[in-house]
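Reminder, nothing fancy here: chain letters follow the sequence lines and each chain counts from 1.
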Amino acid sequence: MPDIRAGDFLMSVFILILALLVIGLAGFVLCRARAVASVQGNVRQLHSLPGYHGWHGFIMGVLPGLAVLVLWVIAQPMVIERNLSNYFPTAQFEDAAQRTLLMADVRRVAAGLDTAVARGAMNAEESVTLSTDTGSVRDRLASVGVALGAEVTPQVLEAAQAYRAQAATGALWRTVLTLAVAGVAFLWALRLTQGEFRARNRVETVILGLLMLASTIAILTTIGIVLSMLSETIRFASMYPIADFFFGLTWSPNFQGNSELGLLPLLWGTLYISLVAMIVAVPIGLFTAIYLAEYASARVRSVVKPLIEIIAGIPTVVFGLFALVTVGPLIRDWLAVPSGLGSSGSSVMTAGLVIGILNIPFISSLADDIINAVPQSLRDGSYGMGATRSETVRQVILPAALPGIVGAVLLAASRAIGETMIVTMGAGAAARLDLNPFEAMTTITVKIVSQLTGDTEFNSPETLVAFALGMTLFVITLGLNVFALYIVRKYREQYE
Amino acid sequence: MNDMRIVERAVETRNIKISARGVQVHYGDKHALRDVDVDILDNTVTAFIGPSGCGKSTFLRCLNRMNDTVAVAKVSGTILLDGEDIYDRRVDPVQLRAKVGMVFQKPNPFPKSIYDNVAYGPRIHGLTRNKAELDEVVEASLRKAALWNEVKDRLQEGGTGLSGGQQQRLCIARAIATSPEVLLMDEPCSALDPIATAQVEELIDELRASFSVVIVTHSMQQAARVSQRTAFFHLGNLVEYGETGAIFTKPSDPRTESYITGRIG
Ligand SMILES: Nc1ncnc2c1ncn2[C@@H]1O[C@H](COP(=O)(O)OP(=O)(O)OP(=O)(O)O)[C@@H](O)[C@H]1O
Ligand SMILES: [Mg+2]
């Protein structure tokens, strides 16, 4: 069912934003013209270039109005929800889960009424006066194609009607207030504009603010992720002995309440597979980068580099297929079975190898950039001493590029540790503590997915353990990054 | 040019160390050097002077085949070192550069300790048999480059942590640590203060006893002070080459005269 309410809402907000942009445009043109006029066209007497006055006008026309709009859009549902509380028994409304259900009902009925009015099946007046006494609201709405799960209670109907009324009033006030604020700010900007006015400083401040906002969003998101995982992890810790989680040697979840949720087999699988991956990826990636940066001619480089980077664009699930149908059987038939080490198609070796291949272009392309950034004068100095290419690479270029390369390698390690798809398809899902690289094993990420699939209620240790696993993974990659920073700093000190 | 003191030059017969004939260099389409003929003598300091962009560095880089590392550079003509063509197929540029050392226009110490910077050449060429010998070479080179007293207590610290002038002397020490037969110096004093410059000039004069030194300089005084022979380049041509005293007192080409008297540059 197309939600007419949502469509209307988006439409009206979109039109409001357009209106704000028009005001901003007018602000740009008028403020610019006014600034130029205020000095009789002698632009050199302005404190700021005319363009800055224009942008100041634009910003004043758009930003304050936009801020009001955004706040309103965020606040309106909360206010309406609070207002509706007196239609329901307090006890019902106090419980978070029940309240959510009730509000969903109210919204659905309100949307149904909207649809009915829009289709002409009900006139506007009727939609307001409609009551449960005069027949089934559910049937009435069903006749215009709005399907409701259960019969509508009088409270819900009344609440829905109140909801519609308040939403309509809210939309009106939203428009009026937004435009009013934008208009006032616009006029104010126009009044401020004259030769001395420091428009440039203001514009720069706004730009600074925007940039800071952007970076804050990223940081806040990270904090949000950590906090949400942390709270679930704490719930997990209250249901399952946390020491057993960290030091348990067995991973065998079941839903009869006697699961063993030991982290170690998963951690071992993760580290083992990542280790194999890095053993594959680091030398090959690094050698590729050295070849491309120091040995290859410009022609070869312009062909080879994009070709290698194509690998980076292949979705990991395709790599997973490759692991499943090609690498896995190959390793089993040519290495594992002949050496008597195993007969499993999925193995640590398979997943590690394929993740390693996936990471080659990542390392090679980062390292290539880093090596290219080493100043030519260092190469000249080394060649001028009679060093060969490989001596120059080993003794001058790699030490100079080392901090960056370590950073690249640790980034690649984080990626390997977080990889899920290839492990699922290449290494299997059996949690096992084993040294044999030809055995199937599994990783933290795979188990996070398998503990959560098909289950949406997070109230047993078997599902909540996913968050504890996620948290562990986060801490591991965080540790890697901190370590990378430490290395980079340490070598920077020595070399600069 | 009042303070120019032209040192007395013993006119002895010296061997020709490097002999260049018809050297042309192209950087892509740009003809950077045309038909240069020069004989560089053994145990002599030869100065290359000329306005910026005239090809001094380019020619210097031909002498140890550093232009091989520039993809667009194309060198033709013959350059003989001790009678052997250095552009011959059989010549290994790596070995050549061990014999013809170079100090660059910009100081370029390696991101290593001061000690390792100086020990770089002796190590890659296997010039010393043990640590003690290497220590000796490092100390002797740093002393010759007039840097020893400043760094003797911090040999294990990074070479890039030195001041610009110290870095340049470190690069000089690094270049002489391999005891090359010819030392090419591209404006070695452009980052140095007058005291360090005087020390380096003194060093150049000492080096003359064992090597042949070629120095590019923008300072006419310096060319007059340290060199026995001077070559004047202009717009990719070698205009005049001869005894330093002769070049500075009675140049035969009008372009040389206007350059050393400061009218073109
Ligand atoms: N790698 C290069 N690629 C292209 N052109 C170059 C390159 N190196 C030098 N040139 C050109 O060759 C000409 C000679 O340059 P060169 O560096 O030899 O000048 P120079 O005499 O050493 O000048 P300066 O006194 O400023 O160091 C210049 O016109 C320069 O632009
Ligand atoms: Mg130069």
With heavy-atom distances below 4.5 Å as the criterion, would you say the side chains of B:V182 and B:V213 are in contact?
no
Of the listed A:D380, A:T388, A:V374, the one with the largest count of heavy-atom pairs under 4.5 Å with chain B is A:D380
Part of B:P93 lying under 4.5 Å from any heavy atom of chain A
neither
Select one option (side chain, backbone, both, neither) describing which atoms of B:R123 are under 4.5 Å from chain A's heavy atoms.
neither
Does any backbone or side-chain atom of B:V103 lie under 4.5 Å from a heavy atom of chain A? Answer side chain, backbone, both or neither.
neither
Report yes or no: do B:Y27 and B:T58 form a side-chain donor-acceptor pair below 3.5 Å?
yes
N/O donor-acceptor pair under 3.5 Å between B:S219 side chain and B:Q222 backbone:
yes
Check: B:M102 and B:R97 side chains under 4.5 Å, non-hydrogen atoms:
no
Got a donor-acceptor contact below 3.5 angstrom from the B:D92 side chain to the B:V94 backbone?
yes
Under 4.5 Å to a heavy atom of chain B? For A:S382 that would be both
For B:F104, which atoms come within 4.5 Å of any heavy atom of chain A: side chain, backbone, both, or neither?
side chain
